[in-house]
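Taking it in order: structure first as structure tokens, then the write-up.
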Amino acid sequence: PVILSGSGSGQEIAAGRDHPCASSQARHEEPAQGFALVPRSTAHLPGILISPFLHASWGHLLSNIFPFLIFATLVGSQGTRRFLLLFIFFVISSGLLVWLFARGHSLHIGMSGVIYALWGYLLVYGFVRRQLLPFIISLIMLLLYGGLVFGIFPTKMSISFESHLMGAFIGAITGIILLSDSFDINH
């Protein structure tokens with residue numbers, strides 16, 4: 001497998017060496033392979049924690065920075081402790097789900113699994129909570145980032161839809177769990 005760079009919001013990169021989009025530039029980025037998340041490879045278990053911080057190119061990094069900053073700020077407005085706990089949980093849980101269920105023989109890098117987890121969390125938490133501010137924020141997010149919905153489908157071989165799907169899933173489930181009055185991570 002090789003790391004492919006791409007463009008677009010929230011991309012994870014997953015492709016094989018013989019993938020038609022593999023460029024000679026991508027083939028020279030192989031040192032990152034040791035830190036990437038490779039499904040069901042015990043040698044790449046550290047990739048669960050490391051891969052969100054790796055990106056295939058400056059374009060890939062920039063496409064992840066803006067959605068991350070927006071969603072992180074929105075979650076952070078609920079409390080710094082909540083954001084930090086959710087961030088750590090989303091890195092581990094989305095990475096673990098990708099490690100367990102993603103296509104084999106592929107490399108996954110980038111922050112989009114966490115971005116989709118933050119997005120899924122904010123959407124569910126805001127809609128179900130029925131409080132005006134979270135509801136308005138969720139509505140604005142749906143309008144501005146509604147295109148993220150299409151990222152959970154396998155549209156391009158070089159984009160890890162599994163990271164998007166698993167992130168959105170774990171974020172939505174977390175949003176539902178945190179709605180419980182008996183579960184408070186702020187204290």
Side-chain angles (χ1 to χ4, degrees), residues 8-14 36-37 39 47-55 60-61 63-103 108-156 159-187:
S9 178
Q11 291 186 353
E12 303 280 323
I13 309 301
L37 193 158
I48 291 172
L49 299 176
I50 298 168
S51 65
F53 304 99
L54 301 175
H55 290 80
H60 182 211
L61 176 65
S63 72
N64 279 323
I65 284 177
F66 296 111
F68 176 77
L69 289 176
I70 291 167
F71 297 151
T73 300
L74 291 170
V75 172
S77 71
Q78 298 174 348
T80 304
R81 177 179 166 83
R82 177 176 289 245
F83 168 73
L84 291 173
L85 290 173
L86 286 174
F87 177 75
I88 292 166
F89 177 70
F90 289 156
V91 166
I92 294 168
S93 59
S94 64
L96 184 60
L97 288 173
V98 168
W99 188 84
L100 287 170
F101 298 112
R103 295 168 277 179
H108 300 260
I109 61 171
M111 187 62 71
S112 61
V114 175
I115 291 168
Y116 272 79
L118 292 168
W119 181 67
Y121 164 79
L122 286 165
L123 280 176
V124 168
Y125 191 84
F127 281 125
V128 178
R129 190 127 180 131
R130 294 186 183 163
Q131 291 180 346
L132 187 59
L133 186 59
F135 180 77
I136 290 172
I137 289 171
S138 295
L139 196 57
I140 291 170
M141 286 176 19
L142 187 59
L143 293 172
L144 294 177
Y145 290 97
L148 287 175
V149 171
F150 299 107
I152 64 171
F153 299 108
T155 56
K156 291 184 181 179
I159 297 175
S160 173
F161 76 93
E162 298 99 324
S163 293
H164 302 171
L165 180 62
M166 298 305 171
F169 171 75
I170 200 67
I173 296 298
T174 304
I176 292 168
I177 291 169
L178 291 183
L179 287 170
S180 166
D181 292 334
S182 62
F183 198 93
D184 185 9
I185 63 173
N186 286 329
H187 295 95

- Query: For F89 and T174, which heavy atoms make the closest approach, and how far apart are they?
  - Reply: CE2-OG1, 3.3 Å
- Note on the structure: Heavy atoms of G151 and Y116 approach each other most closely as CA-OH, 3.4 Å
- Task: Verify the neighbour count for atom CZ of F66: are there more than 12 heavy atoms of other residues, nucleotides or ligands below 6.0 Å?
- Result: no
- Item | ring pair (Phe, Tyr, Trp, His ring centres under 6.0 Å) partners of F87, counting only residues at least two apart | F68, F83
- Message: Under the rule for side chain to side chain contact (heavy atoms under 4.5 Å, CB included), what residues qualify as partners of L97, not counting sequence neighbours?
- Response: F101, M166, F169, I170
- Query: So do the side chains of H164 and F150 get within less than 4.5 Å of each other, counting heavy atoms only?
  - Reply: no
- About how many Å separate CG of L118 and CE of M111, when rounded to the nearest 0.5 Å? 9.0 Å
- Message: Testing the basics here: between S94 and G113, what is the closest heavy-atom pair and its distance to 0.1 Å?
- Response: OG-C, 4.0 Å
- Pick one: which of V149, V114, L74 meets side chain to side chain contact (heavy atoms under 4.5 Å, CB included) with W119? V149
- Task: Can you sort out the partners of I88 under side chain to side chain contact (heavy atoms under 4.5 Å, CB included), two or more places apart, ordered by chain and number?
- Result: I92
- Query: For the residue pair A36 and L54, what are the closest heavy atoms and their distance?
  - Reply: N-CD1, 4.2 Å
- Item | Residue list, side chain to side chain contact (heavy atoms under 4.5 Å, CB included) with L100, at least two apart or on another chain | L96
- Partner residues of Y121 under the side chain to side chain donor-acceptor pair (under 3.5 Å) criterion, sequence neighbours left out: Q78, R82
- Nearest 0.5 Å, what's the CD1-CG distance between I109 and N64? 9.5 Å
- Looking at OG1 of T80 and CG of L85, how far apart are the two atoms once the value is rounded to the nearest 0.5 Å? 10.5 Å
- Message: Ignoring hydrogens, what is the shortest heavy-atom contact between G95 and L37? Give both atom names and the distance.
- Response: O-CD1, 3.3 Å
- Task: Name all residues meeting the side chain to side chain contact (heavy atoms under 4.5 Å, CB included) criterion together with V124; count only those two or more places apart in sequence or in a different chain, and write none if there are none.
- Result: V128, A172, I176
- Task: To the nearest 0.5 angstrom, please state how far the CG atom of L122 sits from the CZ atom of F71.
- Result: 7.0 Å
- What distance do L148 atom CG and I115 atom CD1 have between them, rounded to the nearest 0.5 Å? 8.5 Å
- Task: Identify the two heavy atoms, one from F90 and one from A117, that lie closest to each other, and give their separation to 0.1 Å.
- Result: CG-CB, 3.4 Å
- Spacing of S163 atom OG and H108 atom NE2 [to the nearest 0.5 Å]: 6.0 Å
